[in-house]
Structures are given as C-alpha cells and as structure tokens.
Amino acid sequence: MQPIMEMKDIGAIINTYDMAAGEALGKRESHTPKIEAPAMAKPEEPFMLKVSVGPHPNTVEHSIRWIHLFFYEEGRAFNPIMLGKFSFNPGTTDPEVTAKVKLGKSGVLHAVEYCNLHGLWSAKKEIKIG
Ligand code: FE
C-alpha cells in the first residue's frame, strides 16, 4: 500500500546548493545563502558575519521572508547555537544581514533562509577558532 504522503523529516526538506534536484536546480543560485566570514578567528574576538540571498524578487507575492543563523560548535553535547533571526518586509528590505559574532570554539556556521514560494535553503561555512 502506498502512503498518502511522504513524511520527510525537516532536515530532508531544506534545500542546499549541492543536494538540490529537479525543479530546485534552477533556483539554487537565487536562493542559497551566501556566507561571508573569516576562515579563522581568535577565541572570543568579535568578527563580522554577513549573509545575503539573491538576486531574488522582493515583492509581497514572492520574497525572502527570513534568515536564521546557527553555529554548530565542535564538541558541544547539543547543537546548534542560535546566533540570530532576521525577518524581512517584502519590497522595502533586502535579505542581507550582518551580525557581530564571537566564538569560543571551532565549528560550522549555518545560514537558513525561507522563500515563500521556494521553501527552505541553507548553506554552511567552517570557522577555525584558535
Ligand atoms: Fe524564491
């Protein structure tokens, strides 16, 4: 018997540049978050983390609604750490954010964005602390 609908876990419905398939292939350039951060930083020394999405339409009908930033800390029992949440008003606010971040340990920065028509997209970048 076929299930009525496929019940995927949330991780399986977050698109990434490398995993995008089918219709999502043509959307990955305009939806994958671009993460700008240093490859290395000193412990507890602030650095700027910039994340942007696009070029992408920015209208009430179709826009990037939010970007959430997470950090997966190496050796931590439970991950991730929430770094910041940013919501955007269609038409007036482009999906580009900068956050001042300081970290104690190495790990992986993750950015997740939501487009109201094209769903969830994420990207990641490793950062070494030391
Ligand atoms: Fe979109």
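Counting starts at 1 for both ligands and their atoms, in listed order. Computed from a prediction, not measured in an experiment: that's the story for all the values here.
Around the Fe ion (ligand 1), protein N, O or S atoms at a distance under 2.8 Å total 5; waters are neither shown nor counted.
The backbone N or O of H31 sits nowhere less than 3.5 Å from a side-chain atom of E29 that would complete a donor-acceptor pair.
The minimum heavy-atom distance linking A20 with L25 is given by the pair O-CD2, 3.5 Å. Across all their heavy atoms, A123 and P33 have their closest contact at CB-O, 3.3 Å.
Under a 4.0 Å N-O distance rule, the pair E96/K50 qualifies as a salt bridge.
Judged by distance alone, the side chains of H110 and H68 never bring a donor and an acceptor atom under 3.5 Å apart.
Seen from the ring of Y114, R65 does not count as a face-on cation partner, given the 6.0 Å and 45° thresholds.
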